[in-house]
Amino acid sequence: MSGEARQRLSGELRDEPAESFGQLTPEQLESLADALKRERESRAAGLGEAAEEALKLVPALARGPVRRILFR
């Protein structure tokens, strides 16, 4: 595995990649790291949207304090 590509993939996985990832080319590793990053960002955005929708159930006067408590 390319050292830089391996480090980037490790960062996205938040762990060391399995030995079998050594069979991939640096370009494939980069592509996989990009896909993992996009998926993580997409999920985070989805969670943010869901949280904002859930706040609509909280009475208007309490939304500010509840938002501060939940999203410090």
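These numbers come from the heavy atoms of this one structure, side chains and all, not from hydrogens, waters or symmetry mates.
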- Task: Decide yes or no for Leu36 and Leu9: does some side-chain heavy atom of the first lie under 4.5 Å from some side-chain heavy atom of the second?
- Result: yes
- Sorted by chain and number, sequence neighbours left out, salt bridge (Lys or Arg N to Asp or Glu O under 4.0 Å) with Glu49 holds for none
- Who are the salt bridge (Lys or Arg N to Asp or Glu O under 4.0 Å) partners of Arg68, not counting sequence neighbours? none
- By side chain to side chain donor-acceptor pair (under 3.5 Å), which residues pair with Arg14, not counting sequence neighbours? none
- In plain terms, say whether Arg8 and Glu4 are close enough for a salt bridge, that is, a side-chain N and a carboxylate O under 4.0 Å apart. no
- What residues join Leu57 in its hydrophobic cluster, counting side-chain heavy atom gaps under 4.5 Å, either direct or through other members? none
- Message: Using the rule salt bridge (charged side-chain N to carboxylate O under 4.0 Å, His left out), only one of Lys37, Arg40, Arg38 pairs with Glu12; which is it?
- Response: Arg40
- What are the two closest heavy atoms between Glu30 and Ala5, and how far apart are they? OE2-CA, 3.5 Å
- Euclidean distance, Leu32 CG relative to Leu13 CG, rounded to 0.5 Å: 6.5 Å
- Query: Thr25: what forms a side-chain contact (heavy atoms from CB on, under 4.5 Å) with it, not counting sequence neighbours?
  - Reply: Glu27, Gln28
Could you pull out every donor-acceptor pair under 3.5 Å between side chains of residues 60-67 and any protein atom, sequence neighbours left out?
unit_1	atom_1	unit_2	atom_2	d
Arg63	NE	Leu55	O	3.1
Arg63	NE	Val58	O	2.9
Arg63	NH2	Lys56	O	3.3
Arg63	NH2	Val58	O	3.3
Arg67	NH2	Glu52	OE1	2.9

- Between Glu16 and Ser10 the two heavy atoms that sit nearest each other are OE2-OG, 3.6 Å
